[in-house]
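Reading through the structure tokens given below for one structure.
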Amino acid sequence: MMRTLIGEPNVRVDVAGTSMLVAVMLIHLTGPSVFVLQPIVVQGLVEQMGFSAQQANFTMFIEGGGKAIASIALIWLVSRASWRRLLLVALVTMVAGNIASIFVRQHEAFLVLRSLTGAAAGIIVPLSYATVGLTPKADRNFGLMWVVLFIYAGLAFLISPGIYRLAGMNGMFAFFAALAACGLLLLRYMPVAGSLADESNATTIEVPWPRSILAIAGMFLFSAGMFAFWANAALIGKEANITEQDIAYALSLSQFVSIAGALTTTFLALRFGRLLPLTFGFVAIGASMALLLGQPATLLFIVAIAAFNYAWNM
């Protein structure tokens, strides 16, 4: 069974080929899926599983913690284990964890399951990035990976109200499990290891450790702030008495706007460097959040969520 899924371990894949690129794009979707769709996941945990807002957010924190720990462990594993085997374990864990989440309602056990699915994401996402890094046009392909993710998220937000009506939160868990199961069928097109990279084109930049620590700490605080807001976007809309369908439209539109935000970066960086665009982005993020204070109207909610995602992804 394992040989059928991962193929022959000694057969190299064409890193410039379409098959590997398509495979990594689709497998990557399974990793950040829960985190990108956090607003509807948190909403489902609160409205359909009886979690408090605090418990739902803590569940996302636990899942994110599992992802972080697995990503750190991958630093040691990536050069010692087959990438396909690592992805196999991660995808199977994601399938099993999401299916089990349909049936388990004991809070502590549920947190364990979500930490395991988060750990699976912590393997899938870095290995997807590393695989794209092997391709000849890595920068272009990395951008394409994010465009695919945003399109997927935009469509997922559109259909999520229907999934809720038909199957509730269990339907979302089944959807995440099915997505990971589809990824299993693409493993044979992934590289076995990173030794396929052309090291002659690699560039190493030494960064002093104090600056590295500051950069990592800054990224941690920024990400914590962004996901703290994003995870509760749907609940903010509900508190403002905005309909579920309008919330879904706002979240879906924001994903397509995110594509423009990511593309804007290329244009701005070439002309203005990084400091000015970053400053603009931070101000825009703060302003978009401020628009949602009080009881925002539907149109204002849609504009604020779209502006937030544009600035975040820029």
Side-chain angles (χ1 to χ4, degrees), residues 29-73 89-126 149 152-153 156-157 159-161 163-165 167-181 220-239 244 247-248 251 254-255 289 305 308-309 312:
L29 292 180
T30 66
S33 189
V34 171
F35 300 98
V36 172
L37 302 179
Q38 268 188 349
I40 56 176
V41 174
V42 169
Q43 181 184 1
L45 292 176
V46 171
E47 295 182 354
Q48 298 187 7
M49 293 183 63
F51 284 40
S52 67
Q54 291 83 355
Q55 288 175 324
N57 278 275
F58 184 68
T59 301
M60 290 295 95
F61 170 77
I62 290 295
E63 189 152 353
K67 180 182 177 184
I69 292 171
S71 297
I72 294 171
V89 171
L91 289 168
V92 169
T93 299
M94 193 162 283
V95 172
N98 280 298
I99 291 176
S101 295
I102 296 174
F103 303 101
V104 173
R105 288 297 176 266
Q106 204 277 332
H107 187 61
E108 287 73 16
F110 186 81
L111 290 178
V112 171
L113 286 175
R114 300 321 302 173
S115 69
L116 291 175
T117 59
I123 292 174
I124 293 169
V125 173
L149 177 62
Y152 154 76
F157 278 124
I159 66 173
S160 61
I163 294 177
Y164 275 128
R165 283 192 294 269
M169 191 61 200
N170 288 342
M172 292 302 301
F173 289 135
F175 172 73
F176 293 140
L179 189 64
F220 169 79
L221 293 173
F222 174 75
S223 298
M226 296 303 94
F227 280 109
F229 174 81
W230 180 239
N232 293 280
L235 294 182
I236 292 171
K238 294 287 286 187
E239 284 294 317
E244 185 174 298
I247 291 172
L251 297 174
S254 72
Q255 297 306 301
M289 291 180 178
I305 293 296
F308 170 81
N309 268 282
W312 181 8

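This chain uses plain numbering: 1 for the first residue, then up along the sequence.
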Legend entry - Backbone N/O of Ala153 and side chain of Gln255: donor-acceptor pair under 3.5 Å: no
Legend entry - Aromatic plane relationship, Phe51 with His107 - under 30° parallel, 30 to 60° tilted, over 60° perpendicular: perpendicular
Inset, instruction - Report the distance from atom CZ of Phe173 to atom OG1 of Thr117, rounding to the nearest 0.5 Å. - result: 8.5 Å
Inset, instruction - Apply side chain to side chain contact (heavy atoms under 4.5 Å, CB included) to Val34 and Met60, showing your working. - result: CA-CA 9 Å; Val34 171; Met60 290 295 95; 4.2 Å; yes
Legend entry - Heavy-atom pair with the smallest gap, counting every atom of Ala234 and Ile247: O-CD1, 3.6 Å
Legend entry - Non-hydrogen side-chain atoms of Asn57 and Phe227 separated by less than 4.5 Å: no
Inset, instruction - Side-chain contact test, heavy atoms from C-beta onward, threshold under 4.5 Å: evaluate it for Val125 versus Ser71 and give yes or no. - result: no
Legend entry - Side-chain donor/acceptor of Ser115 to backbone N/O of Ile62, under 3.5 Å: no
Legend entry - Gln48 atom CD, over 12 foreign heavy atoms within 6.0 Å: yes
Legend entry - salt bridge (Lys or Arg N to Asp or Glu O under 4.0 Å): pairs with one or both residues in residues 46-67, sequence neighbours excluded: Glu47-Lys238, Glu63-Arg114
Inset, instruction - Quick one: pull up CZ in Phe222 and CH2 in Trp312 and give me the separation to the nearest 0.5 Å. - result: 7.5 Å
Legend entry - From CZ (Phe103) to CG (Asn170), nearest 0.5 Å: 7.5 Å
Legend entry - Phe175, CZ atom: more than 12 neighbouring heavy atoms under 6.0 Å: yes
Legend entry - Spacing of CZ belonging to Phe176 relative to CD1 belonging to Ile102, to within rounding of 0.5 Å: 11.0 Å
Inset, instruction - Could you tell me the separation between the CD1 atom of Ile99 and the CG atom of Leu113, rounded to the nearest 0.5 Å? - result: 11.5 Å
Legend entry - From CG (Leu111) to CG (Leu116), nearest 0.5 Å: 11.0 Å
Legend entry - Val89 and Ile123, any side-chain heavy atoms less than 4.5 Å apart: no
Inset, instruction - Indicate yes or no for a side-chain donor-acceptor contact from Trp230 to the backbone of Val36 under 3.5 Å, with no hydrogens or angles considered. - result: yes
Legend entry - Candidate pair Gln55 and Val46, rule side chain to side chain contact (heavy atoms under 4.5 Å, CB included), full reasoning: CA-CA 8 Å; Gln55 288 175 324; Val46 171; over 6 Å; no
